[in-house]
Amino acid sequence: MKPVCVLGNGQLGRMLRQAGEPLGIAVYPVGLDAEPEALPIQQSVITAEIERWPETALTRELALHSAFVNRDIFPLLADRLTQKQLLDRLGLATAPWQLLIAADRWPQVFAKLGELAIVKRRTGGYDGRGQWRLRADETDTLPADCYGECIVEQGINFSGEVSLVGARGHHGQTVFYPLTHNLHQDGILRTSVALPQPDSALQQQAEQMLGAIMQELNYVGVMAMECFVVPQGLLINELAPRVHNSGHWTQNGASISQFELHLRAILDLPLPQPVVSTPSAMVNLIGTAVNPQWLSEPLVHLHWYEKEVRAGRKVGHLNLNDPDGQRIAAALEALVPMLPPEYASGIAWAQAKLG
Ligand SMILES: Nc1ncnc2c1ncn2[C@@H]1O[C@H](COP(=O)(O)OP(=O)(O)O)[C@@H](O)[C@H]1O
Ligand SMILES: [Mg+2]
């Protein structure tokens, strides 16, 4: 099996490495300042766990590598302007939007998009950072450097958020997991729930959308699509050309995890439909120190990233899965007193989805 070099050495690279190990696939997550000489770059397939990167000795070398899978797709999707243009070109439903050109355009923006505007930096935002929710009387709170560098979207009054994680192989075949239900608070994913029998109309719509996107881009590997659920169906929120936080439940709740699926796809290994036969829940650990007591719950799989704990930072996650959703709900209940109080509402939301 060919080795894999991953641009970026955060938790996603770490979990790709973990997924490769039992298959005998050596995965090297590499920081951007790594020395190219220390890596088996020439023999490797190259992928990334981040969407954009600065020019360094390493990234310059990788950018020229013929086995850098999806290289030219990263910049297209890393810029929300070109990402939205792609969705429009394919005629896929997305939150109405426009480029935010200048402060004198605000009256026209609100006339077109309605009373709540969501401003997002074209590049570099994540976990709700680089994003502002504005009403017409609040626009002067926006930093001046946003104009030209942001898009503005209609604030969507959604009934829920879901994501679809899927993969496309070198020969164009696609596979998908069941939709994941996601709860975000302050722009950051707190809790996810996946059920083996998703709503079939939404699942079909989502697969058709993500399938069309991956096909158009000639994409290879795992891609994630975040959506809002509205009365008409799904609106695409954003795309990520990589493994995704909302797919972490697949580590313990699917026969093939999203990390293994990505490695299989980019290495041109068999890509059967992953089997999902039980409900799953995932609780993100955000700015919370590790607590060994979590392990007293037998359904809990702790995934700890060994990062320094800082407020607002993703430092791990808990996966729970069981054939009986009620047992997951009960285990989540037992976790509540072992977690800071801000976890309670996300856990109650997950219990309701499992109910
Ligand atoms: N147009 C919108 N209307 C309503 N809520 C939104 C909108 N855009 C984003 N949000 C909320 O903010 C969250 C983060 O926004 P997103 O565009 O996914 O950025 P990030 O890259 O930080 O994940 C979303 O999951 C959703 O909860
Ligand atoms: Mg998002």
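Read the numbers this way: they start at 1 and go in the same order the structure lists the ligands and their atoms. Residues: numbered from 1 along the sequence shown. Every heavy atom of this structure was used, including side-chain atoms; hydrogens, water molecules and symmetry mates were not. Computed from a predicted structure; not experimentally measured.
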Colleague: Can Glu49 and Arg14 be said to form a salt bridge (Lys or Arg N to Asp or Glu O under 4.0 Å), step by step?
Modeller: CA-CA 10 Å; Glu49 57 131 53; Arg14 171 188 169 95; over 6 Å; no
Colleague: Which residue owns the protein heavy atom closest to atom 13 (C) of ligand 1, what's the atom, and how far is it?
Modeller: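 Closest protein heavy atom to atom 13 (C) of ligand 1: Gly187 CA, 3.9 Å.
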Colleague: Numbering the atoms of ligand 1 from 1, which are under 4.0 Å from a heavy atom of His184?
Modeller: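 Counting atoms of ligand 1 from 1, those under 4.0 Å from His184 are 25 (O), 27 (O).
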Colleague: If you apply the rule salt bridge (Lys or Arg N to Asp or Glu O under 4.0 Å), what do you find for Glu138 with Arg133, and how did you get there?
Modeller: CA-CA 9 Å; Glu138 297 168 329; Arg133 301 171 73 87; over 6 Å; no
Colleague: With Pro96, which of Lys84, Glu153, Lys112, Gln154 fulfils side-chain contact (heavy atoms from CB on, under 4.5 Å)?
Modeller: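 Answer after filtering Lys84, Glu153, Lys112, Gln154: Gln154.
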Colleague: Establish, for the pair Arg17 and Tyr28, whether the NZ or CZ atom is under 6.0 angstrom from the six-membered ring centre and no further than 45 degrees off its axis.
Modeller: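 No cation-pi geometry.
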Colleague: Would one find an N or O of Ile156, backbone or side chain, under 3.5 Å from an N or O of ligand 1?
Modeller: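 Between Ile156 and ligand 1 (N or O atoms, distance only) the closest approach is under 3.5 Å.
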Colleague: Give the residue, atom name and distance (to 0.1 Å) of the protein heavy atom nearest atom 17 (O) of ligand 1.
Modeller: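 The closest heavy atom on the protein side is Lys120 NZ, 2.6 Å.
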Colleague: Counting from 1, what ligand 1 atoms have a heavy atom of Glu226 closer than 4.0 Å?
Modeller: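 The atoms of ligand 1 under 4.0 Å from a heavy atom of Glu226 are 18 (O).
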Colleague: Can you establish whether the number of heavy atoms outside Asp186 located under 6.0 Å from its atom CG is more than 12?
Modeller: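 No, the 6.0 Å shell around CG holds no more than 12 heavy atoms from other groups.
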Colleague: Between His248 and Phe259, is the ring centre distance below 6.0 Å?
Modeller: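 Distance test on ring centres: under 6.0 Å, yes.
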Colleague: Give the residue, atom name and distance (to 0.1 Å) of the protein heavy atom nearest atom 2 (C) of ligand 1.
Modeller: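 Answer, as residue, atom name and distance: Ile118 CG1, 3.6 Å.
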Colleague: Side chain, backbone, both or neither: which applies to Asn237 and ligand 1 if a contact is any heavy-atom pair less than 4.0 Å apart?
Modeller: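 For Asn237, the contact with ligand 1 is made by the side chain alone.
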Colleague: Could you tell me, atom by atom, which parts of ligand 1 come under 4.0 Å of a heavy atom of Gly155?
Modeller: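 Answer for ligand 1: 3 (N).
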Colleague: For the Mg ion (ligand 2), find the closest N/O/S atom on Glu238 and give its atom name.
Modeller: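 Looking only at N, O and S atoms of Glu238, the one nearest the Mg ion (ligand 2) is named OE2.
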Colleague: Among all protein heavy atoms, pick the one closest to atom 22 (O) of ligand 1 and tell me residue, atom and distance.
Modeller: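 The answer is Gly128 N, 2.5 Å.
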Colleague: Please identify which atoms of ligand 1 are closer than 4.0 Å to at least one heavy atom of Tyr126.
Modeller: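 Checking each atom against Tyr126, I get 21 (O), 22 (O).
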Colleague: Would the number of heavy atoms belonging to other residues, nucleotides or ligands and lying under 6.0 Å from CD of Gln273 be above 12?
Modeller: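 Count over threshold, so yes.
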Colleague: Check the surroundings of atom CG in Asp140: do more than 12 heavy atoms from other residues, nucleotides or ligands lie under 6.0 Å from it?
Modeller: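 Result for CG/Asp140: enclosed.
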Colleague: For atom 21 (O) of ligand 1, which of the options Arg133, Arg80, Gln154 provides the nearest non-hydrogen atom?
Modeller: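 Closest candidate by heavy-atom distance is Arg80.
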Colleague: Name the closest protein heavy atom to atom 6 (C) of ligand 1, giving the residue it belongs to and the distance to 0.1 Å.
Modeller: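 Going by distance alone, atom 6 (C) of ligand 1 is nearest to Phe228 CZ, 3.7 Å.
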Colleague: Working note: Asp79 + Arg121, criterion salt bridge (Lys or Arg N to Asp or Glu O under 4.0 Å); need CA distance, chi angles, decisive distance, verdict.
Modeller: CA-CA 9 Å; Asp79 183 340; Arg121 280 208 189 277; over 6 Å; no
Colleague: Apply side chain to side chain donor-acceptor pair (under 3.5 Å) to the pair His317 and Asn245, showing each step before the final yes or no.
Modeller: CA-CA 9 Å; His317 65 273; Asn245 194 170; 5.6 Å; no
Colleague: Please compare Arg121, His244, Gln131, Arg129 and report which has the shortest non-hydrogen distance to atom 12 (O) of ligand 1.
Modeller: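 Result: the heavy atom closest to atom 12 (O) of ligand 1 is in Gln131.
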Colleague: Give the residue, atom name and distance (to 0.1 Å) of the protein heavy atom nearest atom 26 (C) of ligand 1.
Modeller: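 The answer is Glu161 OE1, 3.3 Å.
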Colleague: State, yes or no, whether a side-chain contact exists between Arg242 and Val222 at a heavy-atom distance under 4.5 Å.
Modeller: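 Arg242 does not reach Val222 side chain to side chain.
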Colleague: Return the closest protein heavy atom for atom 23 (O) of ligand 1 as residue, atom name and distance.
Modeller: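 For atom 23 (O) of ligand 1, the nearest protein heavy atom comes out as Glu238 OE2, 2.9 Å.
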Colleague: Among all protein heavy atoms, pick out the one at the shortest distance from atom 5 (N) of ligand 1; state its residue, atom name and that distance to 0.1 Å.
Modeller: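 Looking at atom 5 (N) of ligand 1, the protein heavy atom closest to it is Phe158 CE2, 3.5 Å.
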Colleague: What atoms of ligand 1 come closer than 4.0 angstrom to any heavy atom of Asp127?
Modeller: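 So the answer, numbered in order with elements, is 20 (P), 22 (O).
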